[in-house]
Amino acid sequence: MAGIDGHEPVTMTMAQALNHGLRRALERDAKTVLFGEDIGRLGGVFRVTDGLQKDFGEHRVIDAPLAESGIVGAAVGLAMRGYRPVLEMQFDGFVYPAFDQIVSQVAKLRRRTEGAISLPITIRIPYGGGIGAVEHHSESPEAYFAHTPGLRVLTPSDPQAAFDTIQQAIASDDPVIYLEPKRRYWDKGSVDASADPLDPAMAPYPWRARTLRVGSDVTIVCYGPMVRTCLEAARASGEVSIEVIDLQSLSPVDYDAIVASVERTARLVVVHEASRNAGLGAEIATRISERCFTMLEAPVTRVTGYDVPYPPNRLEEFFLPDLDRVLDGVDRVMSY
Amino acid sequence: MDDSGLGAAGVQLLTARGERVEHPDFAISLTDDELRGLLRDMTLVRRLDAEATALQRQGELGLWASCLGQEAAQVGSAHAMAASDYAFPTYREHGVSWVRGVPPLDMLAMLRGVTNGGWDPNRYRCAPSVIVIGNQALHAVGYAMGIQLDGSQDAAIGYFGDGATAQGDVNEAFVFAAVFNAPVVFLCQNNQWAISQPTGRQTRTPLFERAAGFGFPGIRVDGNDVLAVMAVTRHALARARAGEGPTLIEAFTYRMAAHTTSDDPTRYREAVELEAWRQRDPIERLRVHLANEGIVDDSFLEGLQQESETLGELVRAGVRSMPDPEPGAMFDHVYAEWHPEIEAQRDEVDAYLASFVEEGVR
Ligand SMILES: Cc1ncc(C[n+]2csc(CCOP(=O)(O)OP(=O)(O)O)c2C)c(N)n1
Ligand SMILES: [Mg+2]
């Protein structure tokens, strides 16, 4: 894309921003390799790796046999040999064959070797619903990974964040589960590529929450695909002044940012697509109750998917939190 | 033998030009009615598949994975099954579910997005189609272990693709089937592609040869030859029933359409390949054979054409008028036993939606 290397911000989709971020990572470090199903000639089913095999070669952008446990397990060995593997799981519902390798090996090897071996593996996973897909293509598995010590979990919510954080994730010496909100792949935004995201002086630290809208009555905490929904809800809400925090990092969570906000608003709504039971919202509600109990004007409220398998797509609009459901959550904490 | 890559090991009973040939190990003798039945089923499945593809284009279905070109592998193998056998298909086996008697609209319901299933598996002895690559191979083995424990004569067939042979689950299925000598047939349709990746990205040996390493026979068959597929599958099922254990069948075929309606195969494969496989069409070769033998005549073919049109209309109308489920349906059947949280959330959704009615919004 013309202009990306200049100093002018360029408008692009999140998928394109990720593509540019991956390109930068491949340019930066010869040890960075991309590994996944259909990422080469096809450019991935979402075209996030479009053109990268052509430009960097089949030894850097590698089409893997159809086996997710194989992809992640082999990446452990590649990393031990000094490589920095960036893996693509084709969809959220297809990461589970690799769950054993991720939980038993990727998450634990550094600790087992007392730091002798780090695993700088990035596992990209398109996740979430809202695209009218069939089963296994709309899931939100973040809690499994956030629950697993040894993994970091990141999820961008706009093209700039995607461009920056994919590079930061790859540069991290820890394994990062990188969740890409697939229904936002085609959302456009301005990307300023002039700042080096690996230069701490120039780019925001990835493991910190981002306050995207300042408000005084209610804090909404959200991430990934729900950020746009919550920003729209905040704009649509008439009298109530809503602050919107994009967590971005789901492990570690930047609780200080949430506490600082709730100290002003005294009300918190946590929004996610994933099912409610033992989800991220449960953990956040607990932490905020622990730290802000006497300040809260209302119990922390969650607006989430329900505790059912992701429904067939004709029902997904009833499963997914939308603007109305977010505002309903806001009403609940306001009228408590 | 043609140059499809099938190779000398590939069992063939009907050439691409529709000539009937003999094979030393596999023979088949079917009545004229049975032969016409195979042509009818393959033709109707192709029509159903074309109609579904069109309905997806019109926005009536969310997605469709076409079985175009694979009708012989699916219809032939399913016809080898007894009613009491059990099939474990993937998302592409429309020809299998058709032969098992699943009503066409039930097959389309999942792609319409009104259900994650579509039919009662036990009624048709055909499991819900599985999307997660390879999972169902183990289910077929476990089912076959159950048959064995029962001391019954039934068998199970697990379907999967060339890509799936790379998955741990499929290889574990081979191990379990071999160790327990389970009455199961693995039917691998090698359609040459796993989305954009050619079979060579999954294996360096011909797939049927893998079986030997696990300790059971593997057979390659011309997957576009319905007679050969049926003969080979009958043989494998007979072995299973006789307590001789599993068989891997590699049906050598080709995915004539895109991977799914979301895919763009021009990004990764050449049109000439498609053209070469068009010459080996499974339906056309049977039609030629049956016409040459005087088993079908113009009036039969016209009748079949008419029947296809009627099926297309039925599917079109049926899909368009398929009702959306009620929102509360997402809470149905999640658990067998009462679950307080599910009921609380069902009430929550009801109350929430009712609040819009009160406000007169929805
Ligand atoms: C575990 C898993 N990983 C990835 C996918 C995405 N996917 C769907 S179909 C497919 C290719 C399957 O190829 P093959 O087994 O040859 O079957 P075919 O589609 O050719 O019938 C892939 C990678 C999936 N469904 N499940
Ligand atoms: Mg295939």
Side-chain angles (χ1 to χ4, degrees), chain A residues 36-47 50 53 58 62-71 73 90-91 93-98 100-101 131-138 275-277 303-319 324-325 328-329 331-332, chain B residues 62-63 65 91 109-117 131-135 161-171 194-197 201-203 259-260 262-265 267-269 322-332 334 339 341-342 344-346 348-349 352-353 355-356 361:
Chain A
E37 295 156 11
D38 303 290
I39 65 170
R41 281 181 88 167
L42 187 64
V45 294
F46 292 106
R47 307 293 183 262
D50 192 21
Q53 188 180 65
E58 287 183 20
I62 309 166
D63 270 337
L66 206 180
E68 290 75 11
S69 180
I71 293 169
Q90 204 158 76
F91 280 89
F94 307 142
V95 65
Y96 305 119
D100 170 44
Q101 286 286 350
I131 63 162
V134 294
E135 210 182 0
H136 313 294
H137 294 73
S138 302
S275 297
R276 189 176 304 168
N277 189 42
V303 178
T304 67
Y306 299 105
D307 291 326
V308 298
Y310 196 87
N313 67 57
R314 294 268 163 169
L315 290 183
E316 69 180 341
E317 64 172 302
F318 299 105
F319 177 91
D324 287 327
R325 276 183 62 198
D328 183 61
D331 283 350
R332 287 205 303 271
Chain B
L63 184 82
Y91 48 85
M110 184 177 95
L111 291 307
R112 172 78 173 178
V114 301
T115 171
N116 283 336
I131 290 176
V132 184
I133 299 298
N135 286 175
D162 44 287
T165 62
Q167 281 286 10
D169 274 13
V170 170
N171 288 275
I195 309 187
S196 73
Q197 301 188 177
R201 184 67 7 169
Q202 320 292 346
T203 186
H259 170 68
T260 65
S262 308
D263 179 40
D264 172 12
R267 291 178 72 98
Y268 55 81
R269 70 182 189 185
M322 211 177 266
D324 285 351
E326 290 298 315
M330 71 176 134
F331 298 101
D332 294 344
V334 179
H339 191 290
E341 189 59 23
I342 288 279
Q345 291 186 14
R346 186 199 297 274
E348 179 186 324
V349 168
Y352 174 71
L353 294 175
S355 73
F356 287 92
V361 184

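Computation of the quantities below employed the complete heavy-atom set of this structure, encompassing side-chain atoms and omitting hydrogens, waters and symmetry-equivalent molecules. Below, read A as the first sequence line, B as the second, and so on, with proteins coming before strands; counting in each chain starts at 1.
Contact count against chain A (heavy-atom pairs under 4.5 Å) is highest for B:Asp324 among B:Asp324, B:Val334, B:Asp264. Of the listed residues (B:His259, B:His339, B:Gln202, B:Glu326), the one with the most heavy-atom contacts under 4.5 Å to chain A is B:Gln202. Comparing B:Gly168, B:Pro325, B:Gly62 by heavy-atom pairs within less than 4.5 Å of chain A, the highest count is held by B:Pro325. With chain B as partner, the option from A:Glu37, A:Arg276, A:His137 having the largest number of non-hydrogen pairs under 4.5 angstrom is A:Arg276. Considering only heavy-atom pairs separated by less than 4.5 Å from chain A, the leading option among B:Gly163, B:Ala329, B:Pro265 is B:Gly163. Between chain A and the residues B:Met110, B:Glu348, B:Glu341, B:Arg112, the largest count of heavy-atom pairs under 4.5 Å involves B:Arg112.
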B:Tyr91 and A:Val134: CA distance, side-chain angles, deciding distance, side chain to side chain contact (heavy atoms under 4.5 Å, CB included) verdict: CA-CA 11 Å; B:Tyr91 48 85; A:Val134 294; over 6 Å; no
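Here the rule is side chain to side chain contact (heavy atoms under 4.5 Å, CB included) with B:Ser196, and of A:Val45, A:Ile39, A:Leu42 only A:Leu42 fits it.
Between B:Thr115 atom OG1 and A:Asn313 atom CG the span is 11.0 Å, to the nearest 0.5 Å. Annotation: the span from B:Ile195 atom CD1 to A:Arg41 atom CZ amounts to 15.0 Å, rounded to 0.5 Å. For the atom pair CD1 (B:Ile131) and CD (A:Glu135), the distance works out to 6.0 Å, reported to the nearest 0.5 Å.
Proximity to chain B (any heavy atom under 4.5 Å) is shown, for A:Glu68, by both the backbone and the side chain. Contact of B:Ala164 with chain A is made through the backbone alone, with heavy-atom distances under 4.5 Å. Of the two parts of B:Asp263, only the side chain, counted from C-beta on, holds a non-hydrogen atom closer than 4.5 Å to a non-hydrogen atom of chain A. When heavy atoms are compared at a cutoff of 4.5 Å, A:Tyr310 approaches chain B solely by way of its backbone atoms N, CA, C and O. If you measure heavy-atom distances from A:Phe94 to chain B, the contacts under 4.5 Å come from the side chain alone. In this structure, chain B has a heavy atom under 4.5 Å from the backbone of A:Ala64, while its side chain stays farther away. Within the 4.5 angstrom heavy-atom criterion, only side-chain atoms of A:Asp328, from C-beta onward, approach chain B.
At least one side-chain heavy atom of A:Pro312 sits under 4.5 Å from a side-chain heavy atom of B:Asn116. The side-chain heavy atoms of A:Asp324 and B:Phe356, taken from C-beta on, include a pair separated by under 4.5 Å. Counting heavy atoms from C-beta outward, A:Thr304 and B:Gln345 have side chains that stay 4.5 Å or more apart.
Summarising the geometry of B:Met330 relative to A:Phe318, their closest heavy-atom pair is CE-O, 3.7 Å, with the distance given to 0.1 Å. Shown here for B:Gln167 and A:Ala67, the closest heavy-atom pair between the two residues is OE1-CA, 3.6 Å.
Judged by distance alone, the side chain of B:Gln197 and the main-chain N or O of A:Leu66 form no donor-acceptor pair under 3.5 Å. Of the possible donor and acceptor atoms, one in the side chain of B:Tyr352 sits under 3.5 Å from a partner among the backbone N and O of A:Arg325. Put simply, the side chain of A:Arg314 never gets that close to the backbone of B:Gly113: no donor and acceptor are under 3.5 Å apart.
Using a 4.0 Å cut-off between a side-chain N of Lys or Arg and a carboxylate O of Asp or Glu, A:Asp38 and B:Arg201 do not qualify as a salt bridge.
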